[in-house]
Engineer: 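Have a look at this one before I ask anything.
First the proteins, then the strands, lettered A, B, ... as listed; each starts at 1.
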2 protein chains.
Amino acid sequence: MSTKKTSLKDIAQKAGVSTALVSYVLNGKEKESRVGQEIAIKIRQIAAELNYQPNHLAKSLRSGKTHTIGLIIADISNPFFANIARVVEDEAKHNGYTVIIGSSDENADKSRDLLDVLINRQVDGFIIVSSEHSELQIHYLKDKNIPFVLLDRYFPEIQTDFVSTDHYQASYEAGVHLIKNGYRRIGMIAYDSQMFHMQERIRGYLDSFENNKLESKKSWLKQIRITNIENGVKEAIDELMNANEPVDSLLFATYSLAINGLKYINELKLRVPADLGIVSFGQAEVFELYQCPITYLKQPIVLLGKTAVELLVKKLKDNVNEPAQILMKAELIERASSESKPNSSI
Amino acid sequence: MSTKKTSLKDIAQKAGVSTALVSYVLNGKEKESRVGQEIAIKIRQIAAELNYQPNHLAKSLRSGKTHTIGLIIADISNPFFANIARVVEDEAKHNGYTVIIGSSDENADKSRDLLDVLINRQVDGFIIVSSEHSELQIHYLKDKNIPFVLLDRYFPEIQTDFVSTDHYQASYEAGVHLIKNGYRRIGMIAYDSQMFHMQERIRGYLDSFENNKLESKKSWLKQIRITNIENGVKEAIDELMNANEPVDSLLFATYSLAINGLKYINELKLRVPADLGIVSFGQAEVFELYQCPITYLKQPIVLLGKTAVELLVKKLKDNVNEPAQILMKAELIERASSESKPNSSI
DNA sequence: AAAGGAAGCTTAAACGATTAAGCTGACAAG
DNA sequence: CTTGTCAGCTTAATCGTTTAAGCTTCCTTT
């Protein structure tokens, strides 16, 4: 096996022409560059014979384009992000792009590191699920004119392209759904985060009371540290259930919170929905498997991912810069965990 | 914002020296190349001032090394692979490598495409979770002398490096565990695949009967098409449960099979483990959340991933070629789903 | 004083591709 | 016969690095 990759030069030599000519032909520029018919055919044939594969590195070095997209997410081992990654991977490939994925662990420093590594690798652009306190990075990208699209989360005070779920409306819908089904003391477990998407989820929850002329208690909203999920969720549930008047239902703001919460609810031998109605963000097969299938807010993952890639690719190709800001609706998938209360009114 | 990236040339100009000297200094070769103390310091300082970041593409083009690893898995949206991917990503980064992930969907054609794309991108080496019928690809890599390590699955008839779980022993242990706990009519749901790892899982299951002097029925083993998981699993379970003497327990050969099976078992209102004991491959939070926590075989994901990366990096760096073939034990995590039968013997 | 050696640089080719610009020869038009 | 045009090529610079080889000085040694 002669292992040497064949280069333009090899083809040129074999055809008895210059590399320039070969390049023109193989890039389909024979017309513009007035290459002879016969020699063009010959070149193509030799290229095929030698199984020529252009060297991406050389191409990229010259053109400044790597046809690579950097995808920064919180954690690829989280099903929500894994699914996003899959969609982005497929859609990018479809457009001739390769994806490099990096997990930031919701940590601004890590995401900054990732950004640097990937910029260094000359990715053409980014799709980013932002972490808390990463505003500076976004400004940096804007200043440096590096194309990017924010996914699922955005900063309302920064003017950027983004594709996101309408977190407010999703949460609001969840609240209304529970109220409609007769629940009155609805707790919410969310992260203690200033990220806009989390604030929106909380706002939606709170507004669902207000707009239905119900009172809510501050103590029903529990915000826990992302660094202390397991214990945080347990404590939150303990407090909510041991209160004078315990909550009758619970809204989980994320998949991870739900996983931990549901586990603990199992341990406590609480019956769902009899003792506790449940609605959660984040779809997953998991929710179908629980003692009682869980009602959840299904985010339009495929559409989110596809749209983000499309947007980015358009920016990369056309170099256009009309910012696109797209909000998509989540769908409430009703399951048994939030069933109508037996003697419910409204 | 002057957006131009600073290159060696810029530094050289500002320092009034040649680019060669700058390159030597910034690569720490001042000693070998007899660069003057003062000028070295000056160069370093200017590099820092201009925030110099070497151009990966140029480096790679020259050196032939991209410091990139291709990771080919079945599907990033499957938790098992997502976790693998995460570990590989982290470990690779630790070693100065970047990972490009591709999903093959257990399809040899797709994985062949992926391979080509990534070879074209000049990845230095591969970590591969092989698909069925992909032997040719492996031979191709060997012929071309492209370094790779197989992960989790390997071909016994091809001499390669690999890091894998001992699938036989895992399955065997699962069988023995069920038998010990009083189950006698143990079914298995596996893929209809000739892949070695699947065959090993089946062999382990069968041997657990034999070595305990129990008889097994052929009809207890159900192998279903990977392209028809949902219905396949349902039909299999129907057949197993509607037989004259239905099985009293079930071993799922993979995570996906288990997810589908458990869902259906829920629908059938079967009680676990009273009506049906369960053991499954593939850890996941999911299994803790079921109506009754599921006993599972925990593969050493972190170790698998880390070791694969270490092995590959060693091959890439030292260019050594003693093939390493590593088998790791899975751990049986006992939960309620395979509890001792009330009136069990042995 | 001449030769040798080393310290401290520079030069230039190479990696593989792209592309503007230039060169050559044939043919047509005047 | 001269000039112009154009088809059909080649040349050479360029992207940013690396690195073998060569070139000056200057110092040491005999």
Engineer: If you check every side-chain atom of A:V35, which of D:dG16, D:dC9, D:dT11 has the closest atom?
Structural biologist: D:dC9

Engineer: With heavy atoms under 4.0 Å as the rule, sort A:S7 into base, sugar-phosphate or nothing.
Structural biologist: sugar-phosphate

Engineer: Which residue, B:L61 or B:R34, contacts DNA chain D at a nucleotide closer to its 5' end, judged by nearest heavy atom?
Structural biologist: B:L61

Engineer: If you assign each of A:K9 and A:K59 to its closest nucleotide in DNA chain C, which residue comes earlier from the 5' end?
Structural biologist: A:K9

Engineer: Select one nucleotide: of D:dA7, C:dT10, C:dG16, the one nearest the side-chain heavy atoms of B:V17.
Structural biologist: C:dT10

Engineer: Side chain of A:Y52: nearest nucleotide among D:dG16, D:dT17, C:dA17?
Structural biologist: C:dA17

Engineer: With the threshold set at 4.0 Å, does a side-chain nitrogen-carboxylate oxygen contact exist between A:K65 and A:D124?
Structural biologist: no

Engineer: On a plain distance test, is the side chain of A:Y24 in donor-acceptor contact with the base of C:dA20 below 3.5 Å?
Structural biologist: yes

Engineer: Out of D:dT17, D:dC9, C:dG16, which nucleotide sits closest to the side chain of A:L21?
Structural biologist: D:dC9

Engineer: Quick one: is B:N27 getting a side-chain N or O under 4.0 Å of the D:dT18 phosphate, OP1 or OP2?
Structural biologist: yes

Engineer: Between atom CG in B:D10 and atom P in D:dG16, what is the gap in whole Å?
Structural biologist: 8 Å

Engineer: State whether B:R86 and A:D105 are salt-bridged, where the test is any N-O pair (Lys NZ or Arg NE/NH1/NH2 against Asp/Glu carboxylate O) under 4.0 Å.
Structural biologist: yes

Engineer: If the threshold is 4.0 Å, N to carboxylate O, is there a salt bridge linking A:R153 and A:E106?
Structural biologist: yes

Engineer: For D:dT17, take OP1 and OP2 only and decide whether either is under 4.0 Å from a side-chain N or O of B:S23.
Structural biologist: no

Engineer: In plain terms, say whether A:K14 and A:D10 are close enough for a salt bridge, that is, a side-chain N and a carboxylate O under 4.0 Å apart.
Structural biologist: no

Engineer: Can you figure out which of D:dT10, C:dA17, D:dG16 approaches the side chain of A:N55 most closely?
Structural biologist: C:dA17

Engineer: Go nucleotide by nucleotide along DNA chain C from the 5' end; which of A:K29 and A:A58 gets its closest nucleotide reached first?
Structural biologist: A:A58

Engineer: For A:I39, answer base if it contacts any base atom (sugar-phosphate contacts may also be present), sugar-phosphate if it contacts only those atoms, and nothing otherwise; contact means non-hydrogen atoms under 4.0 Å.
Structural biologist: sugar-phosphate

